[in-house]
Protein chains: 2
Amino acid sequence: MSDNKTTLAIVDDHPIVQEGLQKLLVNAPDITIVGCFTTGTDFIRFLKEHAVDIVLLDISLPDVSGIDLCREIKKLWPDTSVLALSNHSERSMVLQMLQHGATGYLLKNISGEELIACINEALNGQVTFSKAVKEIMSRPSVNELKDVPRLTKREKEILQLIADGMTTTDIAGTLHLSPLTVETHRKSLLQKFEVKNVAAMMRAAIALKLI
Amino acid sequence: MSDNKTTLAIVDDHPIVQEGLQKLLVNAPDITIVGCFTTGTDFIRFLKEHAVDIVLLDISLPDVSGIDLCREIKKLWPDTSVLALSNHSERSMVLQMLQHGATGYLLKNISGEELIACINEALNGQVTFSKAVKEIMSRPSVNELKDVPRLTKREKEILQLIADGMTTTDIAGTLHLSPLTVETHRKSLLQKFEVKNVAAMMRAAIALKLI
DNA sequence: AAAAAAATACCTGGAAACAGGTAGAAATAA
DNA sequence: TTATTTCTACCTGTTTCCAGGTATTTTTTT
C-alpha cells in the first residue's frame with residue numbers, strides 16, 4: 001500500500017467522467033491509473049487477477065448496483081479503498097455505501113486538488129468526503145430525521161386517491177364508504193404526517209416515496 | 001457559422017465533466033473551446049460580449065435552471081445552438097428543453113465520436129440526440145405528453161409557499177399582498193395545471209420538477 | 001408608441017376541508 | 001382471551017378553498 005506508486009482504477013460508464021478523472025489525476029505523479037471500466041462485471045473480472053489500492057466507483061452503473069459492487073470489491077481485496085462517486089448527496093445513500101465497505105463518498109463536482117486530497121486521506125486509512133458531502137453529513141436535516149409515518153392499508157389507499165385530486169365525497173363513492181369515514185381517515189393522515197393541509201402532505205408523501 | 005473554426009462553450013459545474021469534454025474534443029481540430037463556465041450567471045456575462053456557435057449546457061446548474069438559461073442564450077444569440085447535457089433522460093425534460101430553444105439533448109454517458117457527430121448535426125441546423133435519448137423519444141409514453149405550464153415568477157413563488165403548507169392568508173402575509181390577490185394567482189395555477197385542487201397540483205408540480 | 005402579459009385587487013356564493021370531539025364493530029396482536 | 005389497533009360512522013362548527021366573474025396598474029414585448 002505504501003509503495004512508491006499508488007494504483008488506481010476508475011469504474012464509470014461515462015466517457016466524459018473517465019477522461020475528466022484521468023486529466024485531474026495527471027497532477028498526481030505518484031498515482032498510476034491501471035484501468036478504466038464501464039461496467040461492474042468488467043471490473044470484477046479484472047479484479048480477480050489484479051489488486052489495486054484505490055477504486056473510484058460510480059455508484060449508478062448500468063449493470064450492477066454500487067452497493068453490491070462495493071461489497072464484491074471488499075470481499076476480493078479487503079485492503080482496497082473504495083471511493084464512491086455520485087451526483088447525488090442523500091444522507092441515506094452515503095450511509096449505505098459506508099455500511100457496505102466504501103471508504104469515502106465524493107460528489108462529481110469535486111475539484112482536482114480535492115480529489116487528490118481525498119485519495120491521500122483514503123490511503124492513510126481515513127474515511128473521506130468531498131466538501132459538499134461533509135456539510136450534508138455534519139448537519140442531519142430535519143426533514144430526513146423524522147420517521148416515516150406507518151400508514152394503514154386504508155390510509156394508503158385514501159392517500160393515493162387524494163393525490164389523484166379526488167374530494168372526500170369522490171373517494172367515499174369509489175370506496176363505497178361514508179364520506180364521514182373518509183374524513184376520519186383523512187384526519188389521521190394529516191396527523192400522522194404532522195401537517196395542516198393536503199398540499200404539505202402531498203409533498204411529504206412524495207418525498208418519502210409513499211406515493 | 002460555417003467559418004473555418006467552430007466556437008464552443010462549456011457550461012457545467014463539475015470540473016470532471018469540463019475536463020472530460022475538453023479531452024473528448026481534442027479529436028475535433030475544427031472546434032475551438034472558447035470558454036468553460038461553472039455558473040449560469042458567469043456564462044451570461046460572457047455571452048453579452050461574445051457569440052459562440054455551440055453551447056454544451058449542463059441543465060442542473062447551481063444557480064439558474066437549465067430552461068431559463070437556455071431561453072436567455074437564445075434571446076441573446078438566436079443562431080447559437082444549445083446542446084443540453086444531462087444525466088437524466090425523462091421525456092418531459094427533453095421536451096421542455098426543446099420547447100425553450102435547445103437544439104439537442106445529450107446524456108453524459110455519450111462517447112467522444114457521438115459527441116462530435118452531434119455537434120456537427122447541430123451545426124447543420126438539425127435537432128440531435130444522443131443514442132439513449134433517441135430511444136426514449138421514439139416511444140412516447142402516454143402520461144408524459146402533457147405540456148409543462150409556463151408559470152410566472154409570482155406564480156412559482158406562490159406555488160412554493162402552497163407546497164410549504166401555507167394558506168392563502170398566510171401567503172398574503174409573507175408576501176405583503178392582499179389575500180384576494182393570492183387567490184387570483186392560486187386560481188391561475190390551478191388552471192395552468194388543469195387540476196381542481198392543490199393535492200393534484202402538488203403531484204403534478206413535483207412530477208414536472210417545478211418544486 | 002401600442003399591444004400584450006403580468007401583477008394587483010375586488011365581489012359573491014357554494015363546496016370542501018379542517019379541528020375537535022365520540023363511539024361501536026371488526027380484525028390483529030399479546 | 002384480553003388488549004390494541006384498525007375501520008367504520010357520526011356531530012358541530014369554523015376556516016379555507018374553489019368557481020365565476022370584473023378591473024386597474026405596472027411591466028414587458030413588439
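Throughout, a chain's letter reflects where its sequence line sits, starting with A, and its residues are numbered from 1. Quick caveat, the model's predicted, so the values are computed rather than measured.
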Backbone N or O of A:Ile54 within a donor-acceptor pair of the A:Thr80 side chain at under 3.5 Å? no

Output yes when a side-chain donor or acceptor of A:Thr103 lies under 3.5 Å from a complementary backbone atom of A:Leu83, and no otherwise. no

Atom pairs under 3.5 Å, N or O on each side, protein against nucleotides 10-14 of chain C: can you list them with distances?
| residue | atom | partner | partner atom | Å |
| --- | --- | --- | --- | --- |
| C:dC10 | OP2 | B:Ser178 | OG | 2.7 |
| C:dC10 | N4 | B:Thr184 | OG1 | 3.4 |

Under a 4.0 Å heavy-atom cutoff, the residues of residues 160-168 of chain B touching DNA chain D are B:Thr167, B:Thr168

Quantify the bending of the helix from C:dA1-D:dT30 to C:dT28-D:dA3 as the angle between its end axes, each fitted on five pairs, to 10°. 70°

Are [X] and [Y] close enough for a salt bridge, meaning some N to O gap below 4.0 Å?
X        : Y        : answer
B:Asp53  : B:Lys5   : no
A:Arg186 : A:Glu155 : no
B:Asp79  : B:Lys74  : no

For nucleotides 2-6 of chain D, tabulate all protein N/O to nucleotide N/O atom pairs closer than 3.5 Å, reporting atom names and distance.
none

Among C:dC18, D:dC17, D:dA9, which is the nearest nucleotide to the side chain of A:Asn197? C:dC18

The test is side-chain hydrogen bond (donor to acceptor under 3.5 Å, both in side chains); show your working for A:Asp63 and A:Thr41 and say whether it passes. CA-CA 8 Å; A:Asp63 56 344; A:Thr41 45; 3.1 Å; yes

Each nucleotide N or O in nucleotides 27-30 of chain C that has a protein N or O under 3.5 Å away: list the pair and distance.
none

Expressed in angstrom and rounded to an integer, what is the separation of A:Ile158 atom CD1 from C:dA17 atom C1'? 15 Å

List, one per line, each side-chain donor-acceptor pair under 3.5 Å for residues 171-184 of chain B, sequence neighbours excluded.
| residue | atom | partner | partner atom | Å |
| --- | --- | --- | --- | --- |
| B:Thr174 | OG1 | B:Ile171 | O | 3.1 |
| B:Ser178 | OG | B:Leu180 | N | 3.0 |
| B:Thr184 | OG1 | B:Leu180 | O | 3.0 |

Could you say whether A:Val195 or B:Glu155 is positioned toward the 5' end of DNA chain C, judged by the nucleotide with the nearest heavy atom to each? B:Glu155

